[in-house]
There are 2 protein chains.
Amino acid sequence: MNLAPEYKARLDKALEHSGQRSTKQREHIFSVLLEKRDHPTADEVYARAKSDMPTISLATVYNCLETLVETSLIRQVNFEREPTRYCPNLTQHAHFYCRESGEIVDIELSDEAIETLMKALPKGFSARHIDIAYDGKCNGCHD
Amino acid sequence: MNLAPEYKARLDKALEHSGQRSTKQREHIFSVLLEKRDHPTADEVYARAKSDMPTISLATVYNCLETLVETSLIRQVNFEREPTRYCPNLTQHAHFYCRESGEIVDIELSDEAIETLMKALPKGFSARHIDIAYDGKCNGCHD
DNA sequence: GCTATTATTTAGAATAATTCTAAGTCTCAT
DNA sequence: ATGAGACTTAGAATTATTCTAAATAATAGC
Ligand SMILES: [Mn+2]
Ligand SMILES: [Mn+2]
Ligand SMILES: [Zn+2]
Ligand SMILES: [Zn+2]
């Protein structure tokens, strides 16, 4: 649970910018997300967070995750009605959900791909964000 | 609540093909979806369905919607953790969610756009489906 | 450094969409 | 027409998430 100084600085700046305080818990949850760069649910984050900070509560995990999402330090990812997942990868990417293994994989997207999708919008529509979710079989789950 | 013969035929065929029975309730829920071609939640479908079929239950609405989705007669649409919505438009399209009005608008997608996205997948990945959700401001909600 | 103010954390209760259960009803092949 | 299995139904159960209210911690002003 040590947040590299560059990330600590990024966190503090983002929190200050939005008028929120830097706390041990927020720092720790951010570090948990950065440590293993997958897409854990709030429960999984809670489990991981507890090993270094046994007194943290699930409510705080939800609160911290919400704060980190609001300040654009992490992203939220949803598949159908499954529990929300959290992603520390801030680059432009889509998500691939493997129906076999349940794994979630980042799919990098070119600016061109995003451009194509933006051009599909009718006149007068402006999108702040596009969420792209593939589902199928990943490379590890062949026939 | 009259299902045009072509849709009745499509429903019966799809149900038969998957070894399920054609029932008044399934027919009615299908017709409700087709009548007003928006993106209602299960509760909204329930409310609409009750006016012509007052004894239908919410559980049945959920069951019927699930059956219709499984047989590819309608689509399911999710935005974040909001209640699931249902869409009778089977053409290839994305969804635009307007943060102002809450409206959900179908965005038709060219084969080219889908191709571009499919090409973004690394080797060994095969997608059965791509879910694309825009969010922003629609044409009716300008500054 | 102390203190007051305000934000944050916490445990547990509450919420809400959806699924499950078990009993009753309907459909359809025989 | 009958029986087996499918479907519907009301209500209970589930579960991810949010809310509540009290305890604790962070910061600004002294
Ligand atoms: Mn990701
Ligand atoms: Mn649609
Ligand atoms: Zn896989
Ligand atoms: Zn709008």
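Just so it is clear, the values below take in all heavy atoms, side chains as well, and ignore hydrogens, waters and symmetry mates. The structure presented is a predicted model; accordingly, all values stated were derived computationally and were not measured.
Comparing D:dT17, D:dA10, C:dT9 by their closest approach to the side chain of A:N63 singles out C:dT9. Residue A:A59 has its side chain nearest to D:dC19 when only D:dT9, D:dC19, C:dA17 are considered. Here the side chain of B:Y62 is nearest to one of C:dT18, D:dA6, D:dT18, namely C:dT18. Nearest to the side chain of B:Q20, among D:dC7, D:dT9, C:dT8, sits D:dC7. Comparing D:dA26, D:dT8, C:dT10 by their closest approach to the side chain of A:Q25 singles out C:dT10.
A residue-by-residue look at B:L58 and B:R81 shows that B:L58 has its nearest nucleotide of DNA chain D further toward the 5' end. Taking for each of B:G19 and B:Y46 the nucleotide of DNA chain D with the nearest heavy atom, the 5'-most of the two is the partner of B:G19.
B:T41 comes within 4.0 angstrom of no nucleic acid atom, judged by non-hydrogen atoms across all strands. Among the heavy atoms of the strands lying under 4.0 Å from A:T60 is at least one base atom, whether or not backbone atoms are also near. Contact annotation for A:E82: no contact, since no heavy-atom pair falls under 4.0 Å across all strands.
Within the 3.5 Å criterion, the main-chain N or O of B:A49 finds a donor-acceptor partner in the side chain of B:H28.
B:R48 and B:D38 are joined by a salt bridge, as a carboxylate oxygen and a charged side-chain nitrogen come within less than 4.0 angstrom of each other.
Remark: A:T55 is not in phosphate contact with C:dT9, judged by side-chain N or O atoms under 4.0 Å from OP1 or OP2.
In this structure, B:R81 and A:N78 have side chains that are in contact, with non-hydrogen atoms separated by less than 4.5 Å.
Hydrophobic clustering, with ILVMFWY side chains joined whenever heavy atoms are under 4.5 angstrom apart, groups B:L15 together with B:Y62.
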